[in-house]
Amino acid sequence: MLSKKLTKADAFIIIAAVLAALLLLSSKLFPTGEDMSLSVICDSGEYLYSLDENRKIELISGGIRVNIVIKNGSAYIESSECPNKICMRGAAAKDAGDSVVCAPARLALIIKDGGGEENADAYAG
Amino acid sequence: MQMRMQGRVKELALSGLLLAAALLLSYVESILGLHISFLPGMKIGLANVVIAFAFFETSKKTAAAVSFGRVLIMGILFGSAISFLYSAFGALLSFGGMLLISRFEKRVSYIGASVLCACFHNVGQSAVAACFFGIEVASFYLPYLLICGVCFGSFTGALLNFISKKYVGVVFK
């Protein structure tokens, strides 16, 4: 039978979970400030794009057509044929470590530190 | 013999009732769109109220059957192979969290148990995300998922505290 009142163990669990979250967030809070690029991971591999150039990318991943937009240094999913459209509702990714995921399409956009212009459009998958 | 049979029938009926409640809560949650927009797949986890209730108030076997049944039926009716994988791993780790808590039952309340299970559930889902998208994506979402786990776990835990105080006697009459 569980305790009916809040206990020290409850507080320990909550504090441990918050600390773990803060620890994982700390790397995101202090980016290196280098040039950033967009990594698009889909079922055919990983593609890198520069964030300096505004562009639209259309690709099919997991049998689902997805349109990605790079605009003013940020990237987001403009449209997707996935059933829930959760990926379209989120904020644009712009800082190092930010990501946008379309799970049904098995597609992820991740902002990476460095690797800007010289790696633009490189295929790494 | 007849008493034993009656006990089994009662257990089966209760499992069916709990499974129906878990499915109903999962479905209501999915149609109401109680999602956090920038966190794919994040839900309050109302169905976990039923699973945790089954685990701590009935038996581990009943809770495992209800949890597995819910994941399977929701996956077949409303999900895809990928969403099934996310749910299954989340449910598996969440069940592991409940087993861990059951070792320290008297020292933990429903709030601590729910928070731990919610966080374990999210870690399980992040592990599946890491398999599909790499560790980088999973580690981006995990801290937010953990914070949501603390908030929603506290909410469902408080709900469980209330239900267990008021309705355990009614269910097992």
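The chains referred to below are lettered A, B, ... by the order of the sequence lines, with proteins before strands, and numbering in each begins at 1.
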Should B:F55 and B:F95 be marked as a ring-ring contact (aromatic ring centres under 6.0 Å, His included) after you check the CA-CA gap, both sets of side-chain angles, and the distance that decides it?
-> CA-CA 9 Å; B:F55 188 94; B:F95 200 82; 5.4 Å; yes
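The environment of CZ in B:F56 is crowded: more than 12 heavy-atom neighbours from other residues, nucleotides or ligands sit within 6.0 Å.
Only the side chain of B:V150 has a heavy atom closer than 4.5 Å to any heavy atom of chain A. Interface remark: A:L107 contributes backbone atoms only to the contact with chain B (heavy atom separation under 4.5 Å). A:L6 touches chain B through backbone and side chain together, each having a heavy atom under 4.5 Å away. Of the two parts of B:I101, only the side chain, counted from C-beta on, holds a non-hydrogen atom closer than 4.5 Å to a non-hydrogen atom of chain A. Both the backbone and the side chain of B:L116 come within contact range of chain A, each with at least one heavy atom under 4.5 Å from a heavy atom of that chain.
Rounding to the nearest 0.5 Å places CD1 of B:I51 at 8.5 Å from CG of B:L18. Rounding to the nearest 0.5 Å gives a distance of 10.5 Å between CD of A:E78 and CD1 of A:I68.
Hydrophobic cluster membership differs between B:F68 and B:F78, with clusters built from Ile, Leu, Val, Met, Phe, Trp and Tyr side chains linked at under 4.5 angstrom.
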